**Student:** 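My questions all concern the structure below.
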Amino acid sequence: MCINYTPPTRQQLEDHFKVSAPEFEWKAETWQDYLAPAIIDTGDGPFAFMASYGFVPKGHLPAGKRLTTMNARAETIGRLPTYKSAWQQSQLCLIPMQAFYEPCYETGKAVRTRIEMASGEPFAVAGMWRGWQEQDGTTSYSFTQITINADHHPLMQRMHKPDDEKRSLVIIPPDQYDAWMKCKNPEQARSWLTNYPAELMAASPAPLPPRSRA
């Protein structure tokens, strides 16, 4: 499942997603616990805000407990205690991005692969958000990406180890952005949890640069 992606530029947020970019600067690539833009609509129109990648940020985990919550499986999102309340309350969001990364083992070794739109345009995946009360009285936010089975998807079935279940993020078509964010029925929300047409996607090797020894 996806644990790393490239968020949009500030200009892409404004031009493609029609929202003002948050004042906070975000990194060129997003990893667990990094802040990145998410988009919601609470009734007054869509807007972007900064949130932490991973539904339960590291600082809110119980002492000694490790939990990876960057991806929420569609099959269990309504049952697991971590996600159940937010799912039932339809705290849905869009996670805008330029590309996400998965390992492809077709060569016999893991090859980091960039997955994007064939058009080169930014896109958004289905996500869910929540708020956290901090000790200083402020509220922070976090998000998770929703994933679905992709065993039979022509592109996504190529990712991960041969014997692993194939999973995919849920890409929301642009003309469905508003409907997804405004959906208040969890069962209706499941109608969006489908695989995106492979012919509209593209994949290419994207190895990480060597780490500096400095």
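All figures in this text were calculated on a predicted structure; none of them were measured in a lab.
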**Student:** Supply the atom-to-atom distance Tyr141 OH to Trp132 CH2, rounded to the nearest 0.5 angstrom.
**Tutor:**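 Between atom OH of Tyr141 and atom CH2 of Trp132 there are 13.5 Å.
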**Student:** Which is it for Gln98 and Glu121 under the side chain to side chain contact (heavy atoms under 4.5 Å, CB included) test, yes or no, and what are the steps along the way?
**Tutor:** CA-CA 7 Å; Gln98 300 180 58; Glu121 295 182 338; over 6 Å; no
**Student:** How long is the gap from OH on Tyr34 to NZ on Lys27, to the nearest 0.5 Å?
**Tutor:**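 It comes to 6.0 Å.
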**Student:** Assess whether atom NZ of Lys65 is packed by more than 12 heavy atoms of other residues, nucleotides or ligands within 6.0 Å.
**Tutor:**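 Open.
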**Student:** Is Val125 reachable from Phe55 through a run of hydrophobic residues whose side-chain heavy atoms are each under 4.5 Å from the next?
**Tutor:**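 As far as the 4.5 Å side-chain criterion goes, Val125 and Phe55 are not connected within one cluster.
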**Student:** What I'd like to find out is whether the side chain of Ile40 reaches to under 4.5 Å of the side chain of Phe49, using heavy atoms alone.
**Tutor:**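 Yes, side chains in contact.
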**Student:** Specify the closest pair of heavy atoms between Gly131 and Thr139, including all atoms of both residues, with the distance to one decimal.
**Tutor:**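 Nearest pair, atom of Gly131 first, then Thr139: CA-CG2, 4.4 Å.
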**Student:** Atom CE in Met159, atom OG in Ser168: separation rounded to 0.5 Å?
**Tutor:**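 Rounded to the nearest 0.5 Å, the CE-OG separation comes out at 10.0 Å.
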**Student:** With side chain to side chain contact (heavy atoms under 4.5 Å, CB included) as the criterion, how do Leu169 and Asn71 come out once you've worked through the C-alpha distance, each side chain's angles and the decisive distance to 0.1 Å?
**Tutor:** CA-CA 8 Å; Leu169 300 182; Asn71 300 283; 3.7 Å; yes
**Student:** Of all the heavy-atom pairs spanning Ala99 and Tyr101, show the shortest one and how long it is.
**Tutor:**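 Here Ala99 and Tyr101 meet closest at O-CE1, 4.3 Å.
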**Student:** State whether Glu29 and Arg112 are salt-bridged, where the test is any N-O pair (Lys NZ or Arg NE/NH1/NH2 against Asp/Glu carboxylate O) under 4.0 Å.
**Tutor:**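 Yes, Glu29 and Arg112 are salt-bridged.
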**Student:** Checking Thr9 side chain against Gln12 main chain: does a donor-acceptor pair fall under 3.5 Å?
**Tutor:**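 Indeed, once roles are kept as given, a pair shorter than 3.5 Å links the two residues.
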**Student:** Just jot down the ring pair (Phe, Tyr, Trp, His ring centres under 6.0 Å) partners of Phe100, sequence neighbours excluded, or say none.
**Tutor:**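 None.
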**Student:** Minimum heavy-atom separation for Ser20 to Glu14, with atom names?
**Tutor:**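 Residues Ser20 and Glu14, closest heavy atoms: CA-CG, 4.2 Å.
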**Student:** With the 4.5 Å side-chain cut-off for hydrophobic clustering, are Tyr83 and Leu67 part of the same group?
**Tutor:**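 No, no single cluster joins them.
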**Student:** To the nearest 0.5 Å, what is the distance between OG1 (Thr107) and OH (Tyr105)?
**Tutor:**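 Between atom OG1 of Thr107 and atom OH of Tyr105 there are 9.5 Å.
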**Student:** Within this structure, what is the CE-CG distance for the pair Met128 and Leu92, rounded to the nearest 0.5 Å?
**Tutor:**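 So the gap between those two atoms works out to 8.0 Å.
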**Student:** Do Lys166 and Glu102 meet the salt-bridge criterion of a basic N to acidic O distance under 4.0 Å?
**Tutor:**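 Result for this pair is no, no salt bridge flagged.
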**Student:** Nearest 0.5 angstrom please: Gln145 CD to Arg167 CZ, how far?
**Tutor:**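 Spacing of CD (Gln145) from CZ (Arg167) equals 12.5 Å.
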**Student:** Do Ile171 and Ile3 belong together in a cluster built from hydrophobic side chains that touch within less than 4.5 Å?
**Tutor:**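 Yes.
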**Student:** So, do Met70 and Asn4 sit near enough that their side-chain heavy atoms are less than 4.5 Å apart?
**Tutor:**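 No, every pair of side-chain atoms sits at 4.5 Å or beyond.
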**Student:** Can you name the one residue among Val19, Leu13, Thr30, Ile95 that meets side-chain contact (heavy atoms from CB on, under 4.5 Å) with Pro37?
**Tutor:**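 Single side-chain contact (heavy atoms from CB on, under 4.5 Å) partner of Pro37 among Val19, Leu13, Thr30, Ile95: Leu13.
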**Student:** Measure across Ile146 and Trp87 and return the closest heavy-atom pair with its distance rounded to 0.1 Å.
**Tutor:**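 It is CD1-CZ3, 4.1 Å.
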**Student:** I want to check something: taking the side chain as every heavy atom from C-beta on, are Tyr196 and Met117 in contact at a cut-off of under 4.5 Å?
**Tutor:**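 Answer yes - side chains close enough.
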**Student:** Donor-acceptor pair, distance only, cut-off 3.5 Å: does the side chain of Asn195 make one with the backbone of His153?
**Tutor:**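 Side chain of Asn195 to backbone of His153: no pair is present.
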**Student:** May I ask you to say whether Arg73 pairs ionically with Glu165, meaning some side-chain N is under 4.0 Å from a carboxylate O?
**Tutor:**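 Here Arg73 pairs with Glu165 in a salt bridge, since their nearest N and O are under 4.0 Å apart.
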**Student:** Test ring-ring contact (aromatic ring centres under 6.0 Å, His included) on Phe143 and Tyr53 and set out the steps.
**Tutor:** CA-CA 6 Å; Phe143 66 88; Tyr53 183 27; 5.4 Å; yes
**Student:** Where do Trp26 and Leu35 land on the side chain to side chain contact (heavy atoms under 4.5 Å, CB included) test, with the steps shown first?
**Tutor:** CA-CA 6 Å; Trp26 54 90; Leu35 290 173; 5.8 Å; no
**Student:** Test of understanding: with side chain to side chain contact (heavy atoms under 4.5 Å, CB included), list the residues that count as partners of Thr138, not counting sequence neighbours.
**Tutor:**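 With neighbours one apart ignored, the set is Glu134, Asp136.
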**Student:** Would you check if Met201 and Ile115 make a side-chain contact, meaning some heavy-atom pair closer than 4.5 Å?
**Tutor:**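 Met201 vs Ile115: side chains touch.
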**Student:** Who pairs with Ile172 by side chain to side chain contact (heavy atoms under 4.5 Å, CB included), at least two apart in sequence or on another chain?
**Tutor:**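 Ile172 satisfies side chain to side chain contact (heavy atoms under 4.5 Å, CB included) with Leu94, Ala126, Val170, Gln176, Tyr177, Trp180, Trp192 only.
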**Student:** For a quick test of reading the model, state the closest non-hydrogen atom pair linking Pro96 to Pro8 and the distance between them.
**Tutor:**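 Looking at all heavy atoms of both residues, the shortest contact is O-CD, 3.1 Å.
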**Student:** Counting only N and O atoms by type, is there a donor-acceptor contact under 3.5 Å from the side chain of Gln91 to the main-chain atoms of Trp129?
**Tutor:**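 Yes; judged by distance alone, with no hydrogens or angles, the pair exists.
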**Student:** Where is the tightest heavy-atom contact between Asp44 and Asp41, given as atom of each residue plus distance?
**Tutor:**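 Nearest heavy atoms, Asp44 then Asp41: N-OD1, 3.5 Å.
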**Student:** Does any part of the side chain of Pro22, heavy atoms only, come nearer than 4.5 Å to the side chain of Met50, both counted from C-beta?
**Tutor:**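 Counting from C-beta outward, Met50 and Pro22 do come under 4.5 Å.
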**Student:** In this structure, would Tyr5 and Phe17 fall into the same cluster of hydrophobic residues linked by side-chain contacts under 4.5 Å?
**Tutor:**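 No; tracing contacts between hydrophobic side chains, which count when under 4.5 Å, never links both residues.
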**Student:** Donor-acceptor check, side chain of Ser52 to backbone of Pro57, threshold 3.5 angstrom: yes or no?
**Tutor:**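 Checking the backbone N and O of Pro57 against the side chain of Ser52, no donor-acceptor pair under 3.5 Å is found.
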**Student:** Would you check if Thr144 and Arg130 make a side-chain contact, meaning some heavy-atom pair closer than 4.5 Å?
**Tutor:**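 Sidechains of Arg130 and Thr144: no contact.
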**Student:** Would Thr42 and Met181 count as a side chain to side chain contact (heavy atoms under 4.5 Å, CB included) here? Give the steps.
**Tutor:** CA-CA 8 Å; Thr42 56; Met181 289 186 289; over 6 Å; no
